[in-house]
Amino acid sequence: MESLLQVKRLTVDLALDRRGRFPVVSDASFDVRPGEIAGLFGESGCGKTTLALALLGLLPPDRYFVRGSIRLRGRELAGLGESQLEQVRGAEVSLILQEPVLALNPVMRVRDQVAEVIRAHRRWDAARCRREAESALRLAGLPDSARLRGAYPHQLSGGERQRVAIAQALACRPALVVADEPFTALDAGLQLELSSLFREWTEKLGISFLLISHSPGVLARVADHVLVMYGGRIVEQGGARQVLEDPLHPYTAGLLRSFAPGPRNGFSSIPGNAPDLASRPRGCPCEPRCEDRTELCVAEMPLEFQPEERRLVRCYKHAC
Ligand SMILES: Nc1ncnc2c1ncn2[C@@H]1O[C@H](COP(=O)(O)OP(=O)(O)O)[C@@H](O)[C@H]1O
Ligand code: SF4
Ligand SMILES: [Mg+2]
């Protein structure tokens with residue numbers, strides 16, 4: 001099947017005055033297919049947000065250096081200028097952040113903010129943009145009330161604000177939405193409701209998602225395909241059930257075990273710490289925390305092994 005988004009060998013280096021230049025995302029390759037929810041799963045600090053922002057060309061170029069290919073419907077986005085990217089962002093691919101406040105203007109009524117996104121990409125008059133904005137707000141589950149139409153962000157609850165940010169992202173019916181931990185700040189009931197809405201938009205509107213989450217429960221509920229990231233690298237990918245129920249990579253297995261209720265009804269953690277990206281091991285990034293490591297793992301980075309189509313694992317245990 002044709003890919004909607006095709007990412008090849010994406011690498012993002014970060015230059016910091018004190019710590020020099022180091023890769024935050026290394027050699028990431030994956031694709032998202034039309035009408036699919038792809039989940040990106042990994043611990044905090046592994047590079048998920050950096051990867052998301054790189055896809056949309058949103059990393060400040062004075063500190064971040066992006067290499068590799070990002071093709072959306074066959075069109076190369078890497079290397080496009082800011083004005084070309086502005087035409088693509090919001091219209092063909094959009095972003096939902098964990099904290100909606102970052103996406104919203106505090107001094108503009110929320111309906112106008114959604115209409116503004118539409119006005120930036122469509123040659124429609126103000127009344128039509130407003131109607132489309134109301135339709136996007138309804139799609140995001142906000143009732144069509146006078147209170148909401150006239151509200152400013154601070155007059156809404158956290159959940160309502162996230163729905164407004166989602167309405168902005170959906171307003172121009174993009175082909176792809178990148179959602180960076182969109183449910184993390186919300187209570188469990190709302191997480192469940194919004195994740196079902198993601199599924200509905202995929203099925204009814206054909207919108208694809210790259211859904212970033214550190215919750216295997218959320219991904220098991222909605223994702224079709226799952227990518228697992230560790231230390232800036234994608235270490236495993238495959239169908240959601242394959243990865244979440246029958247992981248191949250020792251790190252994925254450990255991470256999933258850490259979410260299973262522990263002996264004291266709490267959650268356990270994987271031994272060791274997430275890697276400091278500025279001083280990563282020479283070999284496998286997981287090696288300091290992996291019980292299966294051998295000398296080869298310490299000496300050299302494993303390649304990606306592909307046991308079947310769209311199933312990839314970067315671990316010597318699965319070398320053919
Ligand atoms: N301002 C910064 N200073 C130092 N390190 C940073 C900074 N921004 C990002 N990083 C590095 O980038 C890594 C990945 O960050 P991020 O993409 O936000 O991860 P995630 O979204 O998975 O939590 C961090 O672990 C850190 O090493
Ligand atoms: S390559 Fe080696 S260290 Fe890395 S996950 Fe596999 S067994 Fe563990
Ligand atoms: Mg993040």
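Indexing begins at 1, ligand by ligand and atom by atom, following the structure's order.
Contact annotation: Gly47 has at least one heavy atom less than 4.0 Å from an atom of ligand 1. Between Tyr64 and ligand 1 there is a heavy-atom distance shorter than 4.0 Å.
Using cut-offs of 30° and 60° on the angle between ring planes, the pair Tyr152 and His154 is parallel.
Counting heavy atoms closer than 4.0 Å to ligand 1, residue Glu43 contributes backbone atoms (N, CA, C, O) but none from C-beta onward. Neither the backbone nor the side chain of Asp180 comes within 4.0 Å of ligand 1, counting heavy atoms alone. At a 4.0 Å heavy-atom cut-off, ligand 1 touches Thr49 through backbone and side chain alike. Under 4.0 Å from ligand 1, the heavy atoms of Leu14 that appear belong solely to its side chain.
The protein heavy-atom contact nearest to atom 25 (O) of ligand 1 is Gly45 O, 2.8 Å. Nearest protein neighbour of atom 15 (O) of ligand 1, counting heavy atoms only, is Thr50 OG1, 3.8 Å. In this structure, atom 4 (C) of ligand 1 lies nearest to the protein heavy atom Leu16 CD1, 3.3 Å. In this structure, atom 26 (C) of ligand 1 lies nearest to the protein heavy atom Leu277 CD1, 4.5 Å.
For a threshold of 3.5 Å applied to N or O pairs, the pair formed by Val24 and ligand 1 contains no separation below that value. When only interatomic distances are considered, the shortest N/O to N/O separation between Arg63 and ligand 1 does not fall below 3.5 Å.
Close approach of ligand 1 to Ser44 is summarised as follows: ligand atoms under 4.0 Å from at least one heavy atom of the residue are 23 (O).
Between Arg163 and Glu193, at least one side-chain N (NZ, or NE/NH1/NH2) sits under 4.0 Å from a carboxylate O, which counts as a salt bridge. Ionic pairing of Arg128 and Glu132 is present here: one or more N-O contacts between side-chain nitrogen and carboxylate oxygen are shorter than 4.0 angstrom. The residues Arg131 and Glu134 are annotated as not salt-bridged, no charged nitrogen and carboxylate oxygen being separated by less than 4.0 angstrom. Checked for salt-bridge contact, Arg289 and Glu43 meet the test: a charged N lies under 4.0 Å from a carboxylate O. Taking a cutoff of 4.0 Å between a charged side-chain nitrogen and a carboxylate oxygen, Asp31 and Arg71 do not qualify as a salt bridge. Checked for salt-bridge contact, Arg67 and Asp27 miss the test: no charged N lies under 4.0 Å from a carboxylate O.
Atom CZ of Arg241 is surrounded by 12 or fewer heavy atoms from other residues, nucleotides or ligands within 6.0 Å.
The backbone N or O of Gln98 sits nowhere less than 3.5 Å from a side-chain atom of Asp180 that would complete a donor-acceptor pair. Looking only at distances, a side-chain donor or acceptor of His225 sits under 3.5 Å from a matching main-chain atom of Gly238.
Between Tyr316 and Glu300 the shortest side-chain heavy-atom distance falls below 4.5 Å.
With no hydrogens or angles considered, a side-chain donor-acceptor pair links Ser69 and Glu76 at under 3.5 Å.
Protein N/O/S atoms closer than 2.8 Å to atom 6 (Fe) of ligand 2: Cys315 SG.
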